[in-house]
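So the structure is just underneath, and the comments pick up after that.
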Amino acid sequence: MGRASRYPAPRPGLQDRPAVAAEVGAPDEALTPEGGLRVLPSMWAEKGGVDGFFVARLDRVA
């Protein structure tokens, strides 16, 4: 699925899930095809810009 699934899980019981841009107030163009959330420094230029970062969503599973 997302970028985090390319590596071993940090511990058992975690599952990679697609990010949802609206849940964190990010624009839809921040979503990657793999389901991650990549924010670039050029986003929100009209507000002064932001730092760039990547988010992988991990949920706990039973």
Side-chain angles (χ1 to χ4, degrees):
M1 182 179 298
R3 184 179 182 122
S5 65
R6 295 181 190 166
Y7 305 99
R11 59 184 199 205
L14 294 179
Q15 180 178 344
D16 188 4
R17 276 200 351 171
V20 179
E23 288 182 357
V24 295
D28 288 337
E29 61 265 22
L31 292 174
T32 68
E34 298 84 17
L37 188 71
R38 182 177 53 222
V39 175
L40 303 173
S42 60
M43 292 180 175
W44 295 296
E46 70 281 358
K47 297 180 181 181
V50 295
D51 290 340
F53 58 91
F54 179 82
V55 175
R57 182 178 190 169
L58 299 174
D59 286 342
R60 192 175 302 240
V61 294

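Between Asp16 and Leu58, some side-chain heavy-atom pair lies under the 4.5 Å cut-off.
Nearest heavy-atom pair across Thr32 and Arg38 is CG2-CB, 3.9 Å. Nearest heavy atom pair, residue Ala19 against residue Gly36, reads CB-C, 4.2 Å. Pro27 and Ala21 make their closest contact through O-CB, 3.7 Å (heavy atoms, listed as atom of the first residue, atom of the second, distance).
The hydrophobic cluster containing Met43, built from Ile/Leu/Val/Met/Phe/Trp/Tyr side-chain heavy atoms closer than 4.5 Å, also comprises Val24, Leu31, Leu37, Val39, Leu40, Trp44, Val50, Phe53, Val55.
A search for salt bridge (Lys or Arg N to Asp or Glu O under 4.0 Å) contacts involving Glu23 returns Arg57, not counting sequence neighbours. With sequence neighbours excluded, no residue forms a side-chain hydrogen bond (donor to acceptor under 3.5 Å, both in side chains) with Asp28. Applying the side chain to side chain contact (heavy atoms under 4.5 Å, CB included) test to Asp51 and every residue at least two apart in sequence or in another chain returns nothing.
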